[in-house]
Protein chains: 2
Amino acid sequence: MQPEEIAARLQEFEDICRQKGLPVTTQRRVILEAILQRDDHPTADQIYEAVQDRIPQLSRTTVYRTMETLLELGVIRRVHLTGATGRFDGKIRRHHHLVCMHCNKIIDIDDESLDQLPLPKRKLQGFEVDDFSVQFAGTCPDCQKKRK
Amino acid sequence: MQPEEIAARLQEFEDICRQKGLPVTTQRRVILEAILQRDDHPTADQIYEAVQDRIPQLSRTTVYRTMETLLELGVIRRVHLTGATGRFDGKIRRHHHLVCMHCNKIIDIDDESLDQLPLPKRKLQGFEVDDFSVQFAGTCPDCQKKRK
DNA sequence: CTCCGTGCAAAAGGTTTGCACTGGT
DNA sequence: ACCAGTGCAAACCTTTTGCACGGAG
């Protein structure tokens with residue numbers, strides 16, 4: 001990400017915090033900056049390490065907690081919208097998923113028109129692509145009710 | 001999944017095992033059957049629990065190991081092709097991912113034509129859909145080399 | 001009969017929680 | 001000054017590993 005874009009995103013973050021009355025702490029700013037500076041989808045632990053040279057006494061706990069905060073603010077995203085644990089699927093033919101961003105429920109979608117999406121190129125950035133799947137992010141009926 | 005389809009899949013599994021010289025054990029069959037019977041993308045632990053009433057002495061260890069075996073055989077899939085830990089992303093605008101099935105590396109794809117895919121309906125199975133992302137599964141350049 | 005798969009127990013990670021203290025508002 | 005945020009340590013949960021035994025080929 002470009003330096004200007006990072007600066008803009010940090011600014012946006014501070015604005016949101018002020019607006020919501022959340023303290024803008026050094027830790028939060030440094031952690032967010034560390035995420036914005038990389039594009040390799042780091043884990044909380046990788047962020048912790050990346051931040052060590054700037055604030056050596058910053059704790060893992062804070063990284064984990066800050067991640068949650070940043071997610072709630074919508075400033076970052078979880079890449080794979082599941083919780084922490086690995087999930088398996090007995091369906092091996094192409095299909096797609098509807099994921100609830102609030103409770104992480106996953107529902108299958110079978111939709112032929114989605115399946116037709118052409119594999120763009122045989123090779124994409126050097127990858128050999130075998131298959132694809134579309135993930136829709138949203139709010140499930142149960143969580144819609146709870147929100148009210 | 002329909003009972004006939006489950007039976008067919010179990011049969012297919014046994015064929016693959018025989019072909020590869022892998023023992024067809026009761027545990028493997030029961031675990032696979034448990035996965036096929038549900039469509040809620042269970043974790044290894046949920047499978048462990050589901051299987052308790054059929055083989056109470058079956059251990060968690062076996063479930064974890066069997067999952068890996070079934071994945072290698074291509075009989076089941078990992079839903080979100082990452083490893084176990086949660087990953088984060090500083091990019092919040094729509095973009096897509098290329099995931100290596102072997103090392104779980106994740107690379108971003110920015111492709112406007114993919115972004116244009118229309119959100120099928122405002123509501124999909126009662127979900128309020130906010131966004132989507134396409135995941136391509138394949139083999140990254142590094143892992144292609146290693147294979148040879 | 002041989003070897004791989006399994007079970008148990010223990011280790012290794014990764015993530016969360018409780019409590020006292022610090023720092024932003 | 002007040003209260004949310006932080007750090008530390010310990011708890012917790014999930015996953016992996018080492019070793020001896022048992023069952024499938």
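Convention: sequence-line order gives letters A, B, ...; per-chain numbering from 1.
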Q | Any T61(A) side-chain nitrogen or oxygen under 4.0 Å from OP1 or OP2 of dG7(D) | A | no
Under 3.5 Å, which N/O atoms of the protein pair with N/O atoms of nucleotides 19-25 of chain C?
{"unit_1": "dT25(C)", "atom_1": "OP1", "unit_2": "V24(A)", "atom_2": "N", "d": "2.9"}

Q | Contact summary for R94(B) and D110(B), nearest pair of heavy atoms | A | O-OD1, 4.4 Å
Q.
Is it true that, when you exclude E4(A) itself, more than 12 heavy atoms of the residues, nucleotides or ligands shown sit nearer than 6.0 Å to its CD?
A. yes
(Q) Under 4.0 Å from OP1 or OP2 of dG7(D): is there any side-chain N or O of Q27(A) that close? (A) yes
Q: May I ask you to evaluate whether T62(A) reaches the phosphate of dT6(D), defined as a side-chain N or O under 4.0 Å from OP1 or OP2?
A: no
Q | Whole angstrom value for the distance that separates P of dA24(D) from CZ of R28(B) | A | 12 Å
Q. To the nearest angstrom, how far is Q46(B) atom CD from dC13(D) atom P?
A. 15 Å
Q) Quick one: on DNA chain D, does Y64(B) or L58(A) contact a more 5' nucleotide (nearest heavy atom)? A) L58(A)
Q) At their closest point, which heavy atom of P141(A) faces which heavy atom of F127(B), and how far apart are they? A) CD-CD1, 3.9 Å
Q: Considering just the side-chain nitrogens and oxygens of R60(A), establish if one lies under 4.0 Å of OP1 or OP2 belonging to dG7(D).
A: no
Q: Starting at atom CG of L73(A), determine the distance to atom P of dA4(D), rounded to an integer number of angstrom.
A: 16 Å
Q | Non-neighbouring partners of E12(B) that pass salt bridge (Lys or Arg N to Asp or Glu O under 4.0 Å), sequence neighbours left out | A | R9(B)
(Q) For Q19(B) and D15(B): C-alpha separation, side-chain torsions, deciding distance, then whether side-chain hydrogen bond (donor to acceptor under 3.5 Å, both in side chains) applies. (A) CA-CA 6 Å; Q19(B) 187 188 321; D15(B) 294 345; over 6 Å; no
(Q) With clusters defined by side-chain heavy atoms of hydrophobic residues (ILVMFWY) lying less than 4.5 Å apart, directly or transitively, does M67(B) cluster with I6(B)? (A) yes
